[in-house]
Amino acid sequence: MDIKLAISRSGHDKDSIYVIVKEEANMVYLADGSLKPLEKPKKKNRKHIQVIKKLPKEITEVFTQENFRNEEIKRAIKLYRKSIMDAQQV
């Protein structure tokens, strides 16, 4: 399963990190596991997000199982935030 993380670049949720759960022509559906769970993802215009291309290995390993749940989404976002903080401290 190809997991993509994205950062919101406009709107009231600017700078929020999401997992892309579904993609259409111009729209994407985003989930963060808590405010926007998998059952009710946020619909956002594709040009209002920035896809994160390089993900650390530990984040991609979170989604290797077949169970794709809100808990895994929250964990992946938390790991990504931690990796950003670790990179800034170096």
Please say yes or no: joined through hydrophobic side-chain contacts below 4.5 Å, possibly via intermediate residues, are [X] and [Y] part of one cluster?
{"X": "Val28", "Y": "Ile7", "value": "no"}
{"X": "Met27", "Y": "Val19", "value": "no"}
{"X": "Phe68", "Y": "Leu35", "value": "no"}
{"X": "Ile73", "Y": "Leu55", "value": "yes"}

Quick one: are Ser8 and Lys44 in side-chain contact, heavy atoms under 4.5 Å?
yes

In the structure I gave you, are the side-chain heavy atoms of Ile49 and Tyr18 within less than 4.5 Å of one another anywhere?
no

Salt bridge (charged side-chain N to carboxylate O under 4.0 Å, His left out) between Arg69 and Glu72, intermediate numbers included:
CA-CA 5 Å; Arg69 302 181 324 227; Glu72 280 82 20; 3.5 Å; yes

Asn26: which residues meet the side chain to side chain donor-acceptor pair (under 3.5 Å) condition with it, sequence neighbours left out?
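With sequence neighbours excluded, Asn26 shows a side chain to side chain donor-acceptor pair (under 3.5 Å) to no residue whatsoever.
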
Test side chain to side chain donor-acceptor pair (under 3.5 Å) applied to Lys82 - qualifying residues, sequence neighbours left out:
Asp86

From [X] atom [atom1] to [Y] atom [atom2], the distance as rounded to the nearest 0.5 Å:
{"X": "Lys54", "Y": "Leu5", "atom1": "NZ", "atom2": "CG", "value": "16.0 Å"}
{"X": "Ser16", "Y": "Arg9", "atom1": "OG", "atom2": "CZ", "value": "10.0 Å"}
{"X": "Arg75", "Y": "Glu58", "atom1": "CZ", "atom2": "CD", "value": "9.5 Å"}
{"X": "Tyr80", "Y": "Ile52", "atom1": "OH", "atom2": "CD1", "value": "4.0 Å"}
{"X": "Ile3", "Y": "Glu61", "atom1": "CD1", "atom2": "CD", "value": "13.0 Å"}

Run the side-chain contact (heavy atoms from CB on, under 4.5 Å) check on Asp32 and Lys42 step by step: do they pass?
CA-CA 9 Å; Asp32 67 0; Lys42 177 176 186 62; over 6 Å; no

Search all heavy atoms of Ala31 against all heavy atoms of Val21 and return the closest pair with its distance.
CB-CG1, 3.9 Å

Mind listing the closest non-hydrogen atom pair of Pro41 and Lys36 along with its distance?
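Heavy-atom minimum between the residues: C-CD, 4.4 Å.
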
Under the criterion side-chain contact (heavy atoms from CB on, under 4.5 Å), I'd like the reasoning laid out for Ile20 against Leu30: C-alpha separation, chi angles, the key distance, then a yes or no.
CA-CA 5 Å; Ile20 300 174; Leu30 309 169; 3.7 Å; yes

